Amino acid sequence: AAAYNAVVHAWCVCNQPEAAERLVERMLGDGVKPNGATYPDIVHAWARAGQFSRVERIIQRIETVAGASALGEKVYHAFIAGLCEAEKPQDAEEVIRRWNREKYDLERFADRKGAISRPVAASYGMVIDHYVRGGRMGDARRLLSQMQWDTVAPSIEIFNMLLKGYLMAGNVSAAQDVFRELEGSGTWDMEKLGIAPDAASYTSLMDHWAEAGDVTLAEKVLAKMELKGVAPDERTFGSLVKAYARARDPAGAEKGLQRMR
């Protein structure tokens with residue numbers, strides 16, 4: 001199936017999912033069974049083109065040809081990613097809602113012998129990232145709250161998306177709220193989830209203050225980071241150097257370079 005899948009991928013990259021579907025039919029005619037890598041590219045291409053109905057048809061085809069168990073995370077993630085690229089994040093959210101409802105579909109549950117897939121942090125993360133990139137922080141925050149209702153554990157990457165998004169929007173207060181939530185002051189049980197601010201979290205804050213040339217606050221973030229036992233990385237020190245450079249303190253910036261060692 002690998003050779004056929006490579007050609008399917010090529011057609012989809014060229015925005016010709018109809019040709020990819022034709023090839024899958026030939027694949028079946030040649031007695032080669034599609035696998036988990038066959039359909040996601042086609043689903044993604046049709047979703048990216050805004051052809052929701054074509055995706056629905058493909059999903060029905062997957063269940064007919066490959067069985068209900070083949071309709072899992074890869075297919076849904078391809079669907080969500082394509083809709084986000086088509087600037088249809090609300091439709092992507094509807095896909096997540098539909099995916100969540102599958103656990104209540106007893107017929108599907110029986111067909112899959114209990115093996116029902118569910119959305120994971122990355123499923124929501126694709127849509128949250130789309131909202132953040134578009135400056136729609138309210139929608140991003142709302143979807144994070146929806147994860148709690150859906151009992152889907154978030155990831156540090158999602159919190160870092162929000163943190164960075166608020167800082168890019170100049171909403172320092174909201175960014176600090178996200179950081180405090182990461183530290184365990186919010187509605188999520190961070191200790192149970194095993195989530196805490198990481199190097200990227202601290203560096204986002206440092207970079208914000210560095211852009212403003214505020215050396216004092218950048219150094220405070222670094223000191224807190226080290227106090228919490230989070231190892232600074234090259235990007236962290238790069239933000240520190242930037243802070244001194246923006247403050248027109250080249251000697252301090254040079255000392256920052258030395259601290260990288």
Side-chain angles (χ1 to χ4, degrees), residues 81 84-85 87 89 92 121-148 154-188 190-191 193-261:
C84 286
E85 289 175 35
E87 298 297 329
S123 317
Y124 293 81
M126 285 188 281
V127 188
I128 289 172
D129 183 57
H130 179 83
Y131 283 138
V132 169
R133 289 175 185 274
R136 296 171 61 177
M137 297 308 300
D139 285 319
R141 191 64 153 142
R142 172 185 54 76
L143 194 51
L144 174 61
S145 297
Q146 185 62 46
M147 290 179 71
Q148 199 158 26
S155 63
I156 182 62
E157 288 78 15
I158 287 177
F159 282 97
N160 283 342
M161 285 177 200
L162 287 165
L163 180 63
K164 193 170 183 179
Y166 279 123
L167 290 170
M168 287 176 64
N171 192 340
V172 179
S173 177
Q176 289 173 332
D177 285 343
V178 172
F179 199 89
R180 281 191 288 270
E181 193 165 358
L182 270 174
E183 293 180 307
S185 298
T187 56
W188 294 93
M190 292 301 184
E191 186 175 354
L193 291 170
I195 296 176
D198 63 3
S201 314
Y202 286 100
T203 301
S204 289
L205 282 176
M206 279 190 67
D207 204 54
H208 174 78
W209 299 123
E211 287 287 348
D214 195 324
V215 172
T216 301
L217 288 177
E219 285 281 12
K220 278 186 177 180
V221 174
L222 179 58
K224 184 176 182 179
M225 181 179 186
E226 293 175 330
L227 183 65
K228 294 290 185 179
V230 179
D233 58 19
E234 187 174 329
R235 190 164 162 262
T236 308
F237 284 112
S239 293
L240 183 66
V241 168
K242 184 198 294 184
Y244 279 101
R246 290 286 170 88
R248 298 187 178 182
D249 183 354
E254 190 169 344
K255 287 179 181 177
L257 290 175
Q258 294 171 349
R259 289 163 69 180
M260 291 175 65
R261 298 173 186 172

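Both backbone and side-chain heavy atoms feed into the values below; hydrogens, waters and symmetry mates do not. From a predicted model like this one, the values you see are computed outputs, not experimental measurements.
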Could you tell me whether Q258 atom CD has more than 12 heavy atoms of other residues or ligands within 6.0 Å of it?
yes
Value rounded to 0.5 Å, distance of OG in S201 from CG in L162:
11.0 Å
Is the shortest side-chain heavy-atom distance between I158 and M147 below 4.5 Å?
yes
P154 side chain near I195 side chain, heavy-atom distance below 4.5 Å:
yes
Is any side-chain N of the basic residue among R259 and E226 closer than 4.0 Å to the acidic one's carboxylate O?
no
Begin from the C-alpha positions of H130 and E85 and carry the test side-chain contact (heavy atoms from CB on, under 4.5 Å) through to its verdict.
CA-CA 8 Å; H130 179 83; E85 289 175 35; over 6 Å; no
Are E157 and S155 close enough that a side-chain donor and a side-chain acceptor fall under 3.5 Å?
yes
State the CG-CD distance between L144 and E181, to the nearest 0.5 angstrom.
6.5 Å
Evaluate M206 against L222 for side-chain contact (heavy atoms from CB on, under 4.5 Å), listing each step before the verdict.
CA-CA 7 Å; M206 279 190 67; L222 179 58; 4.0 Å; yes
With a 4.5 Å limit on heavy-atom distance, are the side chains of W209 and V172 in contact?
yes
Could you tell me which non-hydrogen atom of A199 sits nearest to which non-hydrogen atom of T236, and how far apart they are?
O-OG1, 4.4 Å
Verify the neighbour count for atom CE of M168: are there more than 12 heavy atoms of other residues, nucleotides or ligands below 6.0 Å?
no
Testing the basics here: between K228 and E183, what is the closest heavy-atom pair and its distance to 0.1 Å?
CE-OE2, 4.5 Å
Starting at OH of Y131, measure out to SG of C84 and round the result to the nearest 0.5 Å.
8.0 Å
Do N160 and L182 pass the side-chain contact (heavy atoms from CB on, under 4.5 Å) test, and can you show the C-alpha distance, the side-chain angles, and the key distance before you say yes or no?
CA-CA 9 Å; N160 283 342; L182 270 174; 4.2 Å; yes
Assess, by modelled atom type and distance only, whether the side chains of Y244 and E219 contain a donor and an acceptor separated by less than 3.5 Å.
yes
Hey, could you give me the CD1/CE distance between I128 and M137, rounded to the nearest 0.5 Å?
9.5 Å
Contact summary for A218 and A243, nearest pair of heavy atoms:
CB-CB, 4.0 Å
Return the minimal non-hydrogen interatomic distance between D207 and S239, and the atom names on each side.
OD1-OG, 3.0 Å
Which heavy atom in G256 sits nearest to a heavy atom in V241, and how many Å separate them?
C-CG2, 3.9 Å
Under the criterion side-chain contact (heavy atoms from CB on, under 4.5 Å), I'd like the reasoning laid out for R133 against M161: C-alpha separation, chi angles, the key distance, then a yes or no.
CA-CA 9 Å; R133 289 175 185 274; M161 285 177 200; over 6 Å; no
Do you know the tightest heavy-atom contact between M260 and F237?
CG-CB, 3.2 Å
Counting only heavy atoms not in K164, do more than 12 sit closer than 6.0 Å to its NZ atom?
no
Please find out if less than 6.0 Å separates the ring center of Y202 from that of F179.
yes
Indicate yes or no for a side-chain donor-acceptor contact from R246 to the backbone of E211 under 3.5 Å, with no hydrogens or angles considered.
yes
Among residues at least two apart in sequence or on other chains, which ones pass side chain to side chain contact (heavy atoms under 4.5 Å, CB included) with A175?
L163, Y166, L167
Please indicate whether E254 has more than 12 foreign heavy atoms, meaning atoms of other residues, nucleotides or ligands, lying under 6.0 Å from its CD.
no
